[in-house]
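Report on the structure given below.
All values reported here derive from a predicted model rather than from experimental measurement. The first residue of the sequence shown is numbered 1, and numbering continues consecutively from there. Counting starts at 1 for both ligands and their atoms, in listed order.
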Amino acid sequence: MKVLVTGGCGYIGSHTVVDLLNEDYEVVIVDNLSNSKIEVIDKIKKITGKEVTFYQYDLCDKEKVEIVFARENPDAVIHFAGLKAVGESVQKPLLYYENNLISTLNLLEIMQKYKARKFVFSSSATVYGKPASLPIDETFPLSPTNPYGTTKLMIENILADLYQSDNSFDITILRYFNPIGAHKSGLLGEDPNGIPNNLMPYIVKVATKELPVLNVFGNDYDTVDGTGVRDYIHVCDLSYGHVLALKNKRVGLKIYNLGTGMGTSVLELVNMFEKVNNIKIDRQFVARREGDIDACYASNAKAKEELNFECKYNLEDMCLDSYNYVKNNINQ
Ligand code: NAD
Ligand code: UD1
């Protein structure tokens, strides 16, 4: 089976490409490298010993999307490409709506034309907004609180309408919780430019002394120790969920949460990072971050039941692998 992976040079996409190649899928990547580097292609080859076909195209350019389908005729598409920074989406909503929606509409239109039927979409737990209870299952109401999250919900709605109009499509929507960690090789991982917004990249930059101290946003949440609780999942468990989605025998429009089902507080994560990496992370409590919620973790029962999804890596692995990647790549 030939799989087109959009955004395949990015953090989650690159790990998924490795899994796909290891399982003997043929892989074509389309990525405009707006948030990733070309070196990822060589690293994927180094890890797997296999070739991928790469197009540096912007998916907002429909003619380019068509060129890929005409040449490659993929059987399935896993659509990771998109802009994902919540804060930036509040500052530049039009950029987010344009990039995330137009790219997806182009892909779906060309898929329809070339009769490619299997589509796996990267959605996010952010579509649930502030949940009324925990754990969050797939039937919970959806109410994103920022333009990034709204693009995800809009795309979910577009996919539902498309499926309604043409039920030969086979669509899987995956709602990710908080991916962290990196490939064990130390070759693939996440290392955002500038000051990170998300917790694990920030902790790592304190560990490498690029930043002096971790600001812990709030210590008066209604949680185990007053700090925010999230469902951190190792990126390699998350990426393998996409292989399982391709193998799923159920057809139709399906939605799955991909998380571990366990909540971890900020302090629990920082303490675990210190312990497994034997390093001190200076931290200070500061005000809550606007828009943050107390706690968010998944029910992954549906993914376990229908996809045989399981998490092989624990919080220790996540902390070790996140730091290992950045130490390996510090001067690149
Ligand atoms: P990433 O930024 O590392 O990867 C996305 C890739 O898409 C990048 O390589 C970028 O260059 C590419 N891209 C963006 N717009 C493009 C376009 N118009 N044409 C071609 N390529 C384009 O992000 P990631 O963390 O790997 O996330 C992958 C997907 O998962 C995104 O859709 C994101 O919204 C979603 N998601 C991520 C998280 C997370 O915490 N990382 C959580 C939930 C959902
Ligand atoms: C982020 C995204 C969300 C996305 C989710 C999964 C934001 C605002 N939201 O949310 O859309 O679906 O990741 O990838 O980016 N924290 C600190 N100090 C820091 C950074 C974070 O204390 O410097 C705390 C936060 O308050 C939160 C926890 O750490 O309690 C996790 O934060 P983060 O990594 O940004 O993830 P989410 O808030 O879940």
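- For atom 37 (P) of ligand 2, the nearest non-hydrogen atom from the set E290, K84, R230 belongs to R230.
- For atom 4 (C) of ligand 2, the nearest protein heavy atom (residue, atom name, distance) is S124 OG, 4.0 Å.
- Not close to ligand 2: A125, with no non-hydrogen atom less than 4.0 angstrom away.
- With ligand atoms numbered from 1 in the order given, ligand 2 contributes 20 (C), 35 (O) to contacts under 4.0 Å with heavy atoms of N197.
- Atom numbering of ligand 2 starts at 1 in the shown order; those under 4.0 Å from a heavy atom of T126 are 11 (O), 12 (O).
- Side chain to side chain, H183 and D321 fail the donor-acceptor criterion of an N or O pair below 3.5 Å.
- Atoms of ligand 2 found under 4.0 Å from any heavy atom of G228, numbered from 1 in the order shown, are 30 (O).
- Protein heavy atom at the shortest distance from atom 18 (N) of ligand 2 is N215 O, 2.7 Å.
- Looking at atom 32 (O) of ligand 2, its nearest protein heavy atom turns out to be R289 NH2, 3.5 Å.
- Using a 4.0 angstrom heavy-atom cutoff, Y128 does not count as in contact with ligand 2.
- Note that CZ of R117 and CG of D166 are 4.5 Å apart. Values are rounded to the nearest 0.5 Å.
- Listed by first and then second residue, the side-chain hydrogen bond (donor to acceptor under 3.5 Å, both in side chains) pairs that reach into residues 194-203 come to none, sequence neighbours excluded.
- In terms of protein heavy atoms, atom 26 (O) of ligand 2 is closest to D292 OD2, 2.6 Å.
- Taking 4.0 Å as the cut-off between side-chain N and carboxylate O, R175 and E138 do not count as a salt-bridged pair.
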Is there any protein N/O under 3.5 Å from an N/O of ligand 1, and what does the full list of such pairs look like?
unit_1	atom_1	unit_2	atom_2	d
ligand 1	2 (O)	N35	ND2	2.7
ligand 1	3 (O)	Y11	N	2.9
ligand 1	9 (O)	G10	N	3.4
ligand 1	9 (O)	D31	OD1	3.2
ligand 1	9 (O)	D31	OD2	2.6
ligand 1	9 (O)	S36	OG	2.7
ligand 1	11 (O)	D31	OD1	2.7
ligand 1	11 (O)	N32	OD1	3.3
ligand 1	11 (O)	S34	N	3.0
ligand 1	11 (O)	S34	OG	3.3
ligand 1	11 (O)	N35	N	2.9
ligand 1	11 (O)	S36	OG	3.4
ligand 1	13 (N)	N32	OD1	3.4
ligand 1	15 (N)	N99	ND2	3.2
ligand 1	18 (N)	D58	OD1	3.0
ligand 1	18 (N)	N99	OD1	2.8
ligand 1	19 (N)	L59	N	3.0
ligand 1	21 (N)	N32	N	3.1
ligand 1	21 (N)	N32	OD1	3.2
ligand 1	25 (O)	K84	NZ	2.7
ligand 1	26 (O)	Y11	N	3.2
ligand 1	26 (O)	I12	N	2.8
ligand 1	32 (O)	F80	O	2.8
ligand 1	32 (O)	K152	NZ	2.8
ligand 1	34 (O)	Y148	OH	2.7
ligand 1	34 (O)	K152	NZ	3.1

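- Evaluated by nearest non-hydrogen atom to atom 14 (O) of ligand 2, the leading choice among F177, F217, Y148 is F177.
- Scanning the protein heavy atoms around atom 34 (O) of ligand 2, the nearest turns out to be L199 N, 2.8 Å.
- When I233, V86, N198 are ranked by how near their heavy atoms come to atom 33 (P) of ligand 2, first place goes to N198.
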